[in-house]
Every structure is written in C-alpha cells, then in structure tokens.
Amino acid sequence: MAYVQGGDGGERASRCRGRRSGRGYQGPDLISSLPDDLLYHILSFVTTPEAVRTSALSRRWTGVWTRVPRLLLLDEESKDVDRMLDSFDGVLRRYATDVDIADLTISYHWDCPEVTEERATSWAGFAARRVTGRFDLSVKVQSAGTDEHFLELPWFERTAEISLDMSGMRVQLPPAAAAGNFTRLTKLQMSHLLFMDGGGGEGISDVVSRRCPRLETLELEHIDDVEALSLSSESLLCLRLVSLFPLRRLDLEAANLRRMQLEDCFAGHGGWNGGTAMRLSTPVLEEVVWEDEYPDVVEVVRLPTCLKQLAVRGIGNRILLRFWSFSHGLMF
C-alpha cells in the first residue's frame, strides 16, 4: 500500500484498509438520527416486507415500519408461499393501532393455500377501520363463483377509494336495512366478481344511489348476474361499465356526469324476448365512449345539446352510438 506523507495520510490509509478488509463504513449512523416522520416517509417507498426487515438494524429501527402510512402486501414479494397469508395477517395485527393508513394494497394470486372467506372478510374489516386513502384488494380463488368463497363487505366510513379484483369470488354488499354509509368514498372499482344478492344488480344500485354521497368515479368490469342497473347520483362524474352480463336495462340519473363508457354490456342477448332498454338523464355529459350494441329502447330525459367529444370505435355491424335530443332535433 502506498502511504501519503504528511497531513492526514495515516487516516486516509486507515480508511482504505477498512474498505479492503470488508468492515465498510465505520462513521456515525446518520440515517438513524433522522426524525421519525422522515423515516416513515423513506420506508413508504419500499415494500412492506422490506420495511419490516429494517427492525433488525438496531433498536432505533424496531417497530418503525408499524407507523408507515403505506402498506404493500404483494405475493410477488414473498419468498415463502406456504406462510405468506399468515405473514400478511401478522403485519396487519402488529401495525400501530393509532395510525391512519393512506394506502393498503393486498395482492395474492396463488392457488394454494387459498384465501378463505373469513380471511378476505377480515382484511376488508381491517381496511374499513383503518384506511383513509385507498384500499386495493386483488385475490384469486380456485372455487370461483361458489357460495363457499365470498367477501362480506363492511361499510367504509373513512376510506376514499376502493378497488376490488376478486377473480370470481362473490361479494356480499352491506344489507340495505343496515345502518352505515360509504361516507367519504370518491372512487369505486370492482372487477371479476359476482354479487351475492341473487343477481339483478339491485344491491350495487342501492349502494351507489343511496350510500355513496361523494362518489365521483364508478367502474364495474367483468361482472356476471347483473341484469339491471338503476343509478341515481348527484356526485358521479365518471361511469365505466365493461362486460356486465346479462345487462338488459340501464337507468342513469346523474346531474353532473361528465364521462360515460359502455363496452360489451348490451351485447350477446340473442333471442331474449324481453329486449334491452336504457334511460338517460345526464344534462352535462361531455364524452361518450361506446363499444356496444344499441339497446332496443332508449329514453332520453335530459341530454346536453352537444357532446364535446365522441370516441366511437366500430365493432362489426353494430349500431354503436345514436343519441337523440328531442328538444333540439340533434342526432349524435
């Protein structure tokens, strides 16, 4: 080793020897001296399993992760599939009881072990009590569509956004007679699930129309056993309906709706004798994305005289978009 004569040469040589011997940085622990709020912010950028492992660094880090306002429980981040669901439960059980969660994401798509209705309902109950921002639950079950696998959805009084992708699991909405509301909910996304209300769509229609006073965005995708939707909302701004089957009637009263998308909802009814129908009262609608067949009966109660943007894509020989404004004699 070449030593530098004079000044701090000895110190520099010592640091060099330290690096070569594998001892690494020997200075003060500057990160641990940061304020708690800054540590929480730093850990919010890593997955929750990585944040949990920081407890092994020192006493200073013990339990810091339990106050990070963002929890990401992702199946691709776990190395032990057999214990993954138990580890998810352990994280939720150990999380600080006096901290609001801004973002909770739970993702699990393994066939075995399978998510049971008790576990899924427990996760939803935890989120309803603790999450103030977004709750995202995406799970897969083998026995999709059976009564043995369902999620009993509680009232979310504090949560702003909910996204459920249940891969065929049934969802039991809160009963109409039960006290409660989705008080702060502004965005609701549901996909690849079924409703346990006997079909027909009455449950989700009631929830959106009567129990979501602040809902601005509603997205329903790939949901079976929905025959009719009757939505009435003063707050709704954006509506997206994709592959609702067998949708036969849409009754929409939304005084402030700006954007509506329908895709493959009225299609595929074949020789059904009852026909399909749509009733619209959307006086400030600005944009329509229509990739569907035209209903047999359309009643326009209130529609703007002009839509600012039409995004229409042809599909075979379907009649894709035909709105008539009776008061102004305009065809859209």
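Just so you know, these numbers use all the heavy atoms, side chains as well, and skip hydrogens, waters and symmetry mates.
Scanning all heavy atoms of the two residues, the minimum distance from Phe266 to Leu247 falls at CD2-O, 3.7 Å. A pairwise comparison of heavy atoms in Asp100 and Pro69 identifies O-CB, 4.0 Å as the closest pair. Annotation for Lys140 and His109: closest pair CD-O, 3.6 Å, computed over non-hydrogen atoms. Nearest heavy atoms, Arg211 versus Gly180: NH1-O, 2.7 Å. The shortest heavy-atom contact between Leu257 and Cys238 is CD1-N, 3.6 Å. Nearest heavy atoms, Trp123 versus Leu85: CH2-CD2, 3.7 Å.
Atom CG of Asp165 and atom CE of Met190 lie 11.5 Å apart (nearest 0.5 Å). In this structure, Glu293 CD and Cys265 SG are separated by 11.5 Å, a value rounded to the nearest 0.5 Å. Rounded to the nearest 0.5 Å, atoms CG (Asp37) and CD1 (Ile42) are 11.0 Å apart. Taking CG of Leu188 as the start and SG of Cys212 as the end, the distance is 6.5 Å to the nearest 0.5 Å. For the atom pair CZ of Phe245 and CG of Asp264, the computed distance is 11.0 Å after rounding to the nearest 0.5 Å. Distance check, rounded to the nearest 0.5 Å: OG of Ser107 to CG of Leu72 gives 10.0 Å.
Looking only at side-chain heavy atoms (C-beta outward), Leu241 and Asp292 stay at 4.5 Å or farther from each other. The side-chain heavy atoms of Leu92 and Leu104, taken from C-beta on, include a pair separated by under 4.5 Å. Side-chain contact between Leu218 and Leu231: present, with at least one pair of heavy atoms (C-beta onward) separated by less than 4.5 Å. At least one side-chain heavy atom of Val289 sits under 4.5 Å from a side-chain heavy atom of Arg259. The shortest distance between side-chain heavy atoms of Leu74 and Thr105 falls below 4.5 Å. A 4.5 Å side-chain heavy-atom check between Trp61 and Leu39 finds at least one atom pair inside the cut-off. Inter-residue side-chain proximity for Val139 and Met166 is flagged as met; some heavy-atom pair is nearer than 4.5 Å. Under the 4.5 Å side-chain criterion, counting only non-hydrogen atoms from C-beta, Met260 is not in contact with Thr282.
Under the 3.5 Å distance criterion, the side-chain polar atoms of Ser55 are left unmatched by any main-chain donor or acceptor of Trp65. Within the 3.5 Å criterion, the main-chain N or O of Ile101 finds no donor-acceptor partner in the side chain of Arg130. A donor-acceptor contact shorter than 3.5 Å links the side chain of Asp296 to the backbone of Thr276. A donor-acceptor distance shorter than 3.5 angstrom exists from the side chain of Arg184 to the backbone of Arg158, with no hydrogens or angles considered. A donor-acceptor pair is defined here as one N or O able to donate and one able to accept, closer than 3.5 Å; no such pair exists between the side chain of Thr121 and the backbone of Glu118. Remark: side-chain polar atoms of Thr159 are paired, donor with acceptor, to backbone N or O of Val131 under 3.5 angstrom. No donor-acceptor pair under 3.5 Å is formed between the side chain of Ser243 and the backbone N or O of Glu221. Side-chain N or O atoms of Asn256 include one that pairs as donor or acceptor with a backbone N or O of Glu234 at under 3.5 Å. Judged by distance alone, the side chain of Tyr95 and the main-chain N or O of Val68 form a donor-acceptor pair under 3.5 Å. The backbone N or O of Leu215 lies less than 3.5 Å from a partner atom in the side chain of Ser235, making a donor-acceptor pair.
Grouping the Ile, Leu, Val, Met, Phe, Trp and Tyr side chains by contacts below 4.5 angstrom, directly or via other members, places Val99 with Phe135. Under the 4.5 Å side-chain contact rule for hydrophobic residues, Val284 and Val300 do not share a cluster. Linking ILVMFWY residues whenever their side-chain heavy atoms come closer than 4.5 Å, directly or via other members, leaves Leu236 and Val242 in distinct clusters. With hydrophobic clusters built from ILVMFWY side chains whose heavy atoms lie under 4.5 angstrom apart, Leu220 does not share a cluster with Leu237. Tracing side-chain contacts under 4.5 Å through hydrophobic residues (I, L, V, M, F, W, Y), one reaches Leu43 starting from Leu38; they form part of the same cluster.
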Report task. Evaluate the criterion salt bridge (Lys or Arg N to Asp or Glu O under 4.0 Å) for residue pair Asp224 and Arg170; output intermediate values, then yes/no. Result -> CA-CA 10 Å; Asp224 291 342; Arg170 291 186 177 272; over 6 Å; no

Requested in this report: Please assess Asp86 against Arg119 for the test salt bridge (Lys or Arg N to Asp or Glu O under 4.0 Å), listing each intermediate value before the final yes or no.
Outcome: CA-CA 10 Å; Asp86 290 336; Arg119 181 164 260 145; 2.9 Å; yes

Report task. Could you go through the side-chain contact (heavy atoms from CB on, under 4.5 Å) check for Leu153 and Phe182 one step at a time? Result -> CA-CA 11 Å; Leu153 203 65; Phe182 292 90; 4.2 Å; yes

**Report entry** Ile204 vs Leu173, side-chain contact (heavy atoms from CB on, under 4.5 Å): CA-CA, chis, key distance, verdict
**Finding:** CA-CA 7 Å; Ile204 187 63; Leu173 298 167; 4.1 Å; yes

Query raised in the report: Please walk me through it: do Leu285 and Leu280 pass side-chain contact (heavy atoms from CB on, under 4.5 Å)?
Result: CA-CA 10 Å; Leu285 189 64; Leu280 294 179; 5.7 Å; no

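Tyr108 and Phe88 have perpendicular rings, their planes meeting at more than 60° on a 0 to 90° scale where under 30° would count as parallel.
Within 6.0 Å of the CH2 atom in Trp110, the count of heavy atoms belonging to other residues, nucleotides or ligands does not exceed 12.
Residues that satisfy the side chain to side chain contact (heavy atoms under 4.5 Å, CB included) test with Asp98, not counting sequence neighbours, are Arg67, Ala96. For Val301, the side chain to side chain contact (heavy atoms under 4.5 Å, CB included) partners at least two apart in sequence or on another chain are Arg279, Ser281, Glu299.
A salt bridge does not link Glu161 with Lys187: every distance from a Lys NZ or Arg NE/NH1/NH2 to an Asp or Glu carboxylate oxygen is 4.0 Å or more.
When only modelled atom types and interatomic distance are considered, Glu216 and Thr186 share no side-chain donor-acceptor pair under 3.5 Å.
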